[in-house]
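Proteins come first, then strands; the chains are lettered A, B, ... in the order of their sequence lines, and each starts at number 1. Not measured: the values here are computed from a predicted model.
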Amino acid sequence: MPPHSAASAISFSIRDYDLAATLGCGQAFRWRKRDGVWEGVIGARWVRLRQDGKYLHAETAVPTSDWSWLRDYLQLDVDIAAVLATFPDDAPMRAAVQSCRGLRLLRQPLWECLAGFISSSNKQIVQIAQINHALAERLGERVPVLPGASPAFVFPSAAHIVDAGVAPLRDCKLGYRAPYLLQSARMVAGGEVDLAAIKTMSYAVARAELMRLPGVGPKVADCVLLFGYGFPEAFPVDVWVMRALRELYFPRRKPTAQRLSRFARKHFGPHAGYAQQYLFHYMRTR
DNA sequence: TACCAGGAGAGCG
DNA sequence: CGCTCTCATGGT
């Protein structure tokens, strides 16, 4: 047996999956790309991903036989053609879909997703990534990686962030978001808000429950509902999507974000969240 | 409803 | 180098 036999590898055959767009489009903040190879941590597992045409190659540093955690995170079993078929057949939507055929939504761990988007407000994606890497490096526990790979860390739990206090969060450049993250961590760690229980709630109730957390408004709540919980109707309205919707659908009016959100869930159908991600990516890359 | 604080780095000319 | 903008929220 080779010396590194503890590692595992697997290949998935996939269609209409653009790994780079999916990992790099701003729905997750802790992936690092080196020479077309992506390294990241999902839960407590370090993983290296590479796409080669219709194959997706994955490597872990520890023995792995059950890969369902990765299939779930990457949402490999989603029938994307069926999702696209539910989109409205209008010019903006066609252009958005055509600009990135294999863009997917991830299904991220709840707390990391929530914390990531609390830290995201009024920041650029590059900066959000810096903040979340800093949080993991300073407050998260180290996980085993393959030889030669960069050190990797678990995202710190809510309880761990509570123990750390506000100062390390300031050091991670959270700025005015630091007390929001700390207080939200207190509410989650103390059981005042039960993230797992939100899975079983309706979209509207789940959204209201998340918005009890400081630093969580309509936009952040929708991001967590979409990228963490997988509510397909969640439609985050950020500046890019706001711009897109106003420009493409309301050129003469200036609807509020709330009105746009309601319009979007009706107009874009049962998978409005996917439509949002295509519009977002289209607006940012054109 | 409309504005503003708070915060720091990237991107631009 | 100065300037603007940034996947918003909370408070007034």
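Nucleotide C:dA8 holds its P atom 17 Å from the CG atom of A:Leu181, rounded to whole Å. One interatomic measurement links the two molecules: CD of A:Gln130 to P of B:dG11, which rounds to 10 Å at whole-angstrom precision. For A:Lys173 and B:dG7, the NZ to P distance is 13 Å, given to the nearest whole Å. Rounded to whole angstrom, the span from the CZ atom of A:Arg212 across to the P atom of C:dT9 amounts to 17 Å.
The closest side-chain heavy-atom distance from A:Pro218 to A:Met211 is below 4.5 Å.
The aromatic rings of A:Trp69 and A:Trp67 sit parallel to each other, their planes meeting at less than 30°, with 60° as the upper class boundary.
Spacing between C:dT12 and B:dT1 at atom C1', rounded to whole Å, works out to 12 Å. Here, C:dC7 and B:dA2 have their P atoms 24 Å apart, quoted to the whole Å.
C:dG2 and B:dC12 make up a base pair, with Watson-Crick or G-U wobble contacts both under 3.5 Å.
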Audit row: A:Arg48, A:Glu39, salt bridge (charged side-chain N to carboxylate O under 4.0 Å, His left out) steps and yes/no: CA-CA 4 Å; A:Arg48 172 186 281 158; A:Glu39 293 180 0; 3.0 Å; yes

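Look at A:Gln127 and you won't find any side-chain N or O under 4.0 angstrom from OP1 or OP2 of B:dG7. Considering only side-chain N and O atoms, A:Arg243 lies nowhere under 4.0 angstrom from the phosphate OP1 or OP2 of C:dC7.
Looking only at atom types and distance, the side chain of A:Arg177 has a donor-acceptor partner in the side chain of A:Ser121 under 3.5 Å away.
In this structure, A:Gly26 reaches the bases: a heavy-atom distance under 4.0 Å links it to at least one base atom across the strands shown. Using a 4.0 Å heavy-atom criterion, one finds that A:Cys172 contacts no nucleic acid atom at all. Among the atoms of the strands shown, none is found under 4.0 Å from any heavy atom of A:Val241. Residue contacts shown for A:Leu213 are limited to sugar-phosphate atoms, with no base heavy atom under 4.0 Å away.
In this structure, the side chain of A:Gln27 engages the main chain of A:Leu106 through a donor-acceptor pair within 3.5 Å.
A residue-by-residue look at A:Arg177 and A:Val126 shows that A:Arg177 has its nearest nucleotide of DNA chain B further toward the 5' end.
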